[in-house]
Amino acid sequence: SESAAEKFQRQHVDSKSLAFNDNTYCNHMMKIRGMTKGNCKVFNTFILESIWKIRAICWNKKTACKQKFFNCHMSREPLKVTECQIKGNPKDSPCKYQTINDKKCVTVACNGWPPLPVHFDSSK
Ligand code: T3P
């Protein structure tokens, strides 16, 4: 079955994205990445950078995570992100999203050795 690191990649990493200005990105990506089964996931961030650049965040200094734990790390510079925000009811089918492109510093939780991102904590 899927590891936490694999789940993070599925939900939050899109290294190959060409479409940083495609407003249908989220409708497509949320579906093919498995976040529209049952209910539509209400909010989700994709990081549009190489997996190596994203994994390297785990080597930055530790910081508190938003809810609990202290295994979070923040990117030193803003990264390309696309945020998917549900439009309408999360029970609607097909799920419809607003696609928001931005550059933000992202905070992720990391686990294991070598440390790998396992949770998307926040961005600013
Ligand atoms: P998951 O744990 O499935 O990756 O915080 C609740 C969920 O929302 C969590 O999902 C992470 C996700 N999330 C984002 O994708 N981007 C954000 O900026 C925030 C705050 C949460």
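- In this structure Cys84 satisfies the side-chain contact (heavy atoms from CB on, under 4.5 Å) test together with Cys26, Met30, Phe46, Tyr97, sequence neighbours excluded.
- For the pair Thr36 and Lys31, the tightest heavy-atom approach, listed with the atom from each and the gap, is OG1-CA, 3.6 Å.
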Table please: side-chain donor-acceptor pairs of residues 107-118 below 3.5 Å, with sequence neighbours left out.
none

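- By the 4.5 Å heavy-atom criterion applied to side chains, Val106 and Val81 are counted as neighbours.
- Taking both residues in full, the closest heavy atoms of Glu6 and Ser1 are given as OE1-O, 4.0 Å, listed atom of the first, atom of the second, then distance.
- For Asp121, the side chain to side chain donor-acceptor pair (under 3.5 Å) partners two or more places apart in sequence, or in a different chain, are His119.
- No more than 12 heavy atoms of other residues, nucleotides or ligands lie within 6.0 Å of CZ in Arg76, so this atom counts as exposed by the packing criterion.
- A salt bridge does not link Lys103 to Glu77: none of the charged nitrogens lies less than 4.0 Å from a carboxylate oxygen.
- Of all the heavy atoms in Lys41 and Ile86, the pair that sits closest is O-CD1, 4.3 Å.
- Checked against side chain to side chain donor-acceptor pair (under 3.5 Å), Gln67 has no partners two or more places apart in sequence or in another chain.
- Scored by the side-chain contact (heavy atoms from CB on, under 4.5 Å) test, Lys91 finds Asn39, Asn89 as partners (sequence neighbours excluded).
- Nearest approach of Met74 to Asn60, heavy atoms of both residues: O-ND2, 2.9 Å.
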Side-chain donor-acceptor contacts of residues 49-58 below 3.5 Å, not counting sequence neighbours, with atom names and distances?
| from | atom 1 | to | atom 2 | distance (Å) |
| --- | --- | --- | --- | --- |
| Glu49 | OE2 | Lys80 | N | 2.8 |
| Ser50 | OG | Trp52 | N | 3.4 |
| Ser50 | OG | Lys53 | N | 3.1 |

